[in-house]
Structures are given as C-alpha cells and as structure tokens.
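Structure first, then comments.
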Protein chains: 4
Amino acid sequence: MVAGKMTRRERERQQHISHILGVAEGMFAEKGFFQTTMRQIARKAEFALGTIYAHFRSKRRLYEKVIETQTVGLVDFVIQEMASRSSPRDQIEKFIQSKMAFLHRNRSFLRMYVAELDAPRLDSGQVLPKAARESYDSLLHHLRDVIRLGIKEGSLKSMNPDVLARTIDGLTTAVAVSWLRLRTWPPVEAETRVATELLLRGAAVRPQERDLA
Amino acid sequence: MVAGKMTRRERERQQHISHILGVAEGMFAEKGFFQTTMRQIARKAEFALGTIYAHFRSKRRLYEKVIETQTVGLVDFVIQEMASRSSPRDQIEKFIQSKMAFLHRNRSFLRMYVAELDAPRLDSGQVLPKAARESYDSLLHHLRDVIRLGIKEGSLKSMNPDVLARTIDGLTTAVAVSWLRLRTWPPVEAETRVATELLLRGAAVRPQERDLA
Amino acid sequence: MVAGKMTRRERERQQHISHILGVAEGMFAEKGFFQTTMRQIARKAEFALGTIYAHFRSKRRLYEKVIETQTVGLVDFVIQEMASRSSPRDQIEKFIQSKMAFLHRNRSFLRMYVAELDAPRLDSGQVLPKAARESYDSLLHHLRDVIRLGIKEGSLKSMNPDVLARTIDGLTTAVAVSWLRLRTWPPVEAETRVATELLLRGAAVRPQERDLA
Amino acid sequence: MVAGKMTRRERERQQHISHILGVAEGMFAEKGFFQTTMRQIARKAEFALGTIYAHFRSKRRLYEKVIETQTVGLVDFVIQEMASRSSPRDQIEKFIQSKMAFLHRNRSFLRMYVAELDAPRLDSGQVLPKAARESYDSLLHHLRDVIRLGIKEGSLKSMNPDVLARTIDGLTTAVAVSWLRLRTWPPVEAETRVATELLLRGAAVRPQERDLA
DNA sequence: TATGAATGAGTATTCATTCAT
DNA sequence: AATGAATGAATACTCATTCAT
C-alpha cells in the first residue's frame, strides 16, 4: 500500500486496478449492473477481457469492489467533516451537508448507491459488499451516537435515535435521488439548506414565526 | 369494461391477465427485472410461455403494466385520502400517512418502486411507463398545490413549493425504503408519526419545548 | 364443382377458399414461405386463425394448393395457346410467348415459381406439390413431343429433344427471372422477341446475314 | 493477409473461419437458409455455438459471407477463362463453358445461387451481400462489353448488348438449375455444347443445313 | 363452420468465464 | 501479467397447430 515501497511492477498493477475500477464505476452507473458487460468494460479500459478477470475474480466481485471503494470514500469524508464540529446539532448539519455534497459530486456513485437500495435484486439474500455495508453502518452508528448525545443534552427532541438516524440518512438520500430525475443539476447549497431546515425545524410555521425565504 | 356486458370468453381473458400481472409483480419484486425470467413467470402462473406473450407483447411490457397498475392504485388511494381533509396541513399529513400505509401494505410494489427510482438502468433515457410516471406526477402536482395554499394562508413556511413537495415525497419514500433493510417489518403508525413530526416541526428542540416521546 | 348445383353453404365455402388462396399467394410471393405466418394470412384474409386451418390442414398444404392452382393455370394456358398453331416451330414460338406472357402477368406467381426451382429448401426430398409437378411435367413432355416432330420433319436441328425442351423452358424462365431484378417491368413483347430469335436462330451472324435490329 | 507474416494465432483463426464457411455452405445449400440452424452448423463444424458467433455476427452475416466468397470465386474464374481467348465469340463461348463448369463442380453453391435469384424473400428490399452483387455485376458488364465488340466487328447480330448479356447469363443459369431436378448429374460437356450451339446458332435448321448431332 | 385462447417446441443470440499461449 | 479464442448455459421471443365453445 505504501507507494514508496512498491516495485515498479506492483505500482503499475495498482494503477491498472484503479483504472479498471474507474471505468467500471462509470459504466455500472450509467447502465446498471446487468446491462454492463465485462467485454464493454474491457474494451473501454483498453485491456483484454482476460486481464480484467486476472484482477477481479468475477463481474460481481468487480462490482462490489467499485461500491466498496466509493462507500469508504463517502464514509471517510463525512466522518471527517463531522469531526470538525463539536455540538451535536452542528455535527448533524455537517452530516447532511457533507453527504449531500459528496453525492452531488459523485453522480455516478449516486446512481449505483440508489440501485443498491434495492437490495434483493442482485443476489438472493445479501445486499451488498459486506465491507461496504459495514463501513456505512459504522457511519450510521456514529450519527446515532451523536443524536443520542443531542437528546441527552436537550438540544434534540427525545425521539428514538435509531429511527431518527435512519430518517435523516434516508432524507438526504431521498433528496439526492430526486436530483436524478431533474433535467438540471441543482445547486447543492440550496438543496442542503432546505433539507437541514426541514429536519431541524420542520415545515410548519409557529405562531410567532415569520417568513423564512 | 363493464363486467356484466362481457362474454364469458372476455371475462376469463381479463381474469387470466390479472392473474399473470399478480404473479409477475411478486416475482419482479422479489428478484428484480433481470433476474426474473419469462419462463419462471409462466410456470408460476401455470400458463404456457406463449400464453404470457399472447397477453403481453414482451417482458418489458409486462413489467410496465405491473408498475402502471400499482402506481395508479397508489395515486388513487392517496388522493382520495387527502380529499378527506380540508386544511393544507392536514392534507399533507394525510399524504404522508396514506402513502406510507400503502407502501407498507404493498411490500412487493415498494421493491419495484425503489428499483424504478434508478431510472436509466433499464431503457436508455426514459425511466418508466409513461402512464405510471404521469399518474405519479399528477399526485406530486396536487401535493404542490396544497403546499402553495398552506404557504399562502400562513400555516407553512414560505419555501419553494416544488422543492418541498419533492422533499416530502422523497422523505416518505426514504423511510419506506429503510424498512426493506430491517429484519422486522416495523409498525407503520410509529414510523409515520416520526416522519410527520419531523417534516412539520423538525427534530430540534425549541427553548420552550419539552420532551416529545 | 358446378356452381349451379351447389348449396349456398358450399358456394360460400368455395368463395372463402378462393379468397384465402388469393391472399396467401400474395403474401408467399412477397415474403416467401418461411417469412409468412399463418396469422398474417388470417389477418389479411379477415378470418380467424382456426378458420384457415379448417380449410387447409397445414401451412405447407396451403402453400402447395396455391402453387398447384397457379401451375395448372399456367399449363392450361400454354397448352391451349400452342394448340392454336400447327407447325412445330410455330408451336414452340407459342410456348415461349405464352409462358412469358403468363409470368409477366402473374408477378407474384413468378416469385413463388422461382423459389420452387430451389427444390430442396423446403421439405427434405420432394420439391413440390406432386400435382403441380405432374402438371408441369406434362407440359414439358408435350413440348418435347413437338420438338421431336420438328426434328423428324427437318425444321429443327437434330438435338436431344429432352435437353432442348429443358433448355427452352429454362431460357424462358431465366428471362422472366431476370425481370425480378430490374427496376422497371419491361414490355413483354420485346423480351419475347429476343428470346425467340435467340432460340431459333442464335446470336451469331451468318456470313450472308445482315443486321437484325 | 500475407500468410508468412501471420502469427500462429491469426493463422489458426483464418483456418477456423474457412472451416466454418465450408460447413455452412454445405448446410445452407442442402437445406436452405431458414431450415439450417446455427446449432447444426456449430455441431457439424465442431465448434461451440458461441464460437460461430464470435466469427460471424449473425446467421445472416454468415450466410452472406458464404455467398460472397463463392461468388467472388466464380467471377474470378470466369473472367480468367475468358481472358484466354481473344475473339468476342470465343470469349462468349468461354463464358458459357466456364460458368457452367463452375456451377457443375460446385453443386452446393449452385443451390444457394438459385435461392438468391429470389431476392426479396430474405431481407426486405435488397437482395444480397452487396459485395457479391457488385462482383457479379462486374462480370456481366464485362460480358456486355465483349458482346458490344462482337456486334461492332460484325460477328454478332446487332441486338441490345445488355439484354443479350442478361439472356446469355440467364440461359446458362437456367440450364444449370435444370440439373438440380434431374436424378443423375449430367456430363457438363454435352450440356455446355447444347447451350453454346443454341445461343450462337439457334435451334432452327436453315434450308442448307444438315444434322448436327 | 368459425373463433381465438392456449400450447410448447424451437431458434437466434448473448455473455460470464476459462485457459492455453 | 496479458491476451483473446473458445465455451455453452441461459433467455427472450415466435409461430404452427390444437381444441373447446
């Protein structure tokens, strides 16, 4: 893993693997798992078919690696961003902001991510790369712990922290997914602001409140 | 269309079509579009392969009919429920409640519905049965109009009604989707309550507020 | 067969059969045997599928009936025309003229006729409706007998009459077939003149001869 | 294309392709396009089904390649044979002789060749491999030019050279086609002699002429 | 006789995967 | 590691034919 210690062979190998992963991500995102063929990936990656198989045991495996890589990237980014704040409410805001920003940037991953919501469609039973799932679950656990803290310190309503975490996560996903249907890619800041506002303060007007927009 | 006027032949024909649609819905929901074969559907429906094709021109067509049928059912149900209330806020609540209730009941449709979020995966370009899409869009327009009214009468914050409608719709979907990952099918009432509370009043505690749960 | 003696039922039956034969001929000629479906024929004939089968045991049978009908028509016409002349050479000319005229008129039959040159393509073994074959063979036998007579009386060169009959028949067919490839349907008279001239007097110029055209 | 420069891989590849073409030719000739299945071809060629498709995009393509290959062979052979003579009449004789000899030798191609006379049956519209058609057309053009020359120098009657070329071509085809119906494969020399005699000098006896056979 | 729904064997084609070089 | 020819199971779809009404 440490580049400096690699032989040239090993270095090139890693480059090739990354290259293939990148190509595969684009194609899977664009056309979905079943409608992307290994041959297409090979052609686009400018490698022979056998070479792809030399690096990834199977199409399924390649797909998993793609998701895994991206998921870890997402989780790392979001956790790091959350760490830049201290109060639970700010951390939650950061969760929303950074997740949405990431998905906004990585349109192709967003596509695959949505596809994976539909777990059972691929193999029977298990949804997705265990590694990816575990990584993402750790993020949700982290969010839940932050929520728990917020409830304890009184800055959040006393709701079931698990449900709330799932809901916050779901809402951000849902908003991002709705982008996929739009003709134009909306500015992420505005969308984030609405989601955050909604989650923390709701859509309803309190007697004493005034316009927001 | 009028049952009384149908010949026996026509009556049976309709029954067979409904039967096949039902079987197909279950299988598509369970295993996804690509991993469901026409032969499997035929076998389970206890018809010959050719018979399925006699009623639905292609696998794709069959799939579309399934979604179309269910989508129209969902839209009709939700609009009818909303009509039972008058104030915008109550109507929004009804939207959330009835949509979630419908998806809670129709687990297999929920699966297909999610799959279809991921538009481009099937055809290139268009997502889904135009009929289904148009039906659903009319529901969203209705919701938007209600929101607009709520804003005008001052019971909702002044946000972009389109964005808000998309977000409310997305949130309910997101919550329902999250069910798919759980081991146990959660009671719909509790889930609905959280979603509604969140959307209308948010997760944050106001100074003067007390515990909710 | 005698219309006057038929019941209405029988009369209608015959009309339906003729109608179907006509439709089938057009379609077989246009698209060939394999690319014409029974359903298409039924649809175009405005009968139900089962009705076609009620009249013709199978697709093959229907096809044979079509060819049979037309072949008999061709043979009857040519023999009758030949009978209008007495000298062998005139009879041969009449054979060429009338056969070419018939094929010129019945473009769709011409197509099927050509297809049938390629005997083995349909069933293994036998080419075509025995009835049609026998009918056509009787025509060729007749032509051969005329040739024999011509040779005996010294107006034709002493060639093998069978080979010559086959060749004359083949030539007329060949010329007709060549029409199929042309953009415009050529006038039958000119074509016939060339074929006749060629067959009887050849393309070569004799010392004493002058231009023909 | 240069055998010496090929890698073993490429060399084998070409051999396999030739082998498949040979097998396919035999089967298409024997049973026709529609009644030959790709599986049969694969089985007979002792390759897996997929391998056939790896070399020929589709059944249609394979069929076209077969005809193309053979047509080019026929054209090359005939043109080369014609070139061995100088006078137009001798060249025409050579055309007849060599074309008939080729078809006599390549019975299976003869079958396919006939089938292709029936243009519209396969595709709608265009008949056959453009390459094959163009190749054959060039042969006919060549023949026409030779005829034109013969007319100019006075050794041929002054007929339309295009029509005459088509007719000569048609006659040779017609004779060859007639073989397909015979029980025994007739000696090519005798058949050729009749055809040539007929075309050049006709069947009719001139006053001063005597027996030929 | 006429109908048309039902049947199921048959077919072209695709594509993940293997393996000898 | 890289190559790409070969494999063959899998799959959507067609269509001649049957048969109950």
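In what follows, chains carry the letters A, B, and so on, assigned in the order in which the sequence lines appear, proteins first and then strands, with residues in each chain numbered from 1.
Within the 4.0 angstrom heavy-atom criterion, base atoms lie near A/T51. Across all strands, B/R9 comes closer than 4.0 Å to base atoms (heavy-atom distances). Among the protein residues, B/R8 comes within range of the sugar-phosphate backbone only, with heavy atoms under 4.0 Å from sugar or phosphate atoms but none that close to a base.
The closest side-chain heavy-atom distance from B/S18 to B/Q15 is not below 4.5 Å.
The residue among D/M38 and A/T36 whose nearest nucleotide of DNA chain E is located toward the 5' end is D/M38.
One atom, CZ of B/F28, and another, C1' of F/dA12, lie 12 Å apart when rounded to the nearest Å. A/H55 has its NE2 atom 17 Å from the P atom of E/dT17, to the nearest Å. Going from atom CD1 of A/I52 over to atom C1' of E/dC15 covers 15 Å, rounded to whole Å. Counting to the nearest Å, the P atom of F/dA12 and the CE atom of B/M27 are 11 Å from each other.
Across A/Q70, A/R111, A/K65, a single residue satisfies side-chain hydrogen bond (donor to acceptor under 3.5 Å, both in side chains) together with A/E25, and that is A/Q70. B/F28 pairs in a ring-ring contact (aromatic ring centres under 6.0 Å, His included) with only one of the listed residues (B/F109, B/Y63, B/F34), which is B/Y63.
When distances are taken from the side chain of A/Y53 to each of E/dT17, E/dT1, F/dC15, the shortest belongs to E/dT17.
Across all strands shown, E/dA16 forms a Watson-Crick or G-U wobble pair with F/dT7, both key distances being under 3.5 Å.
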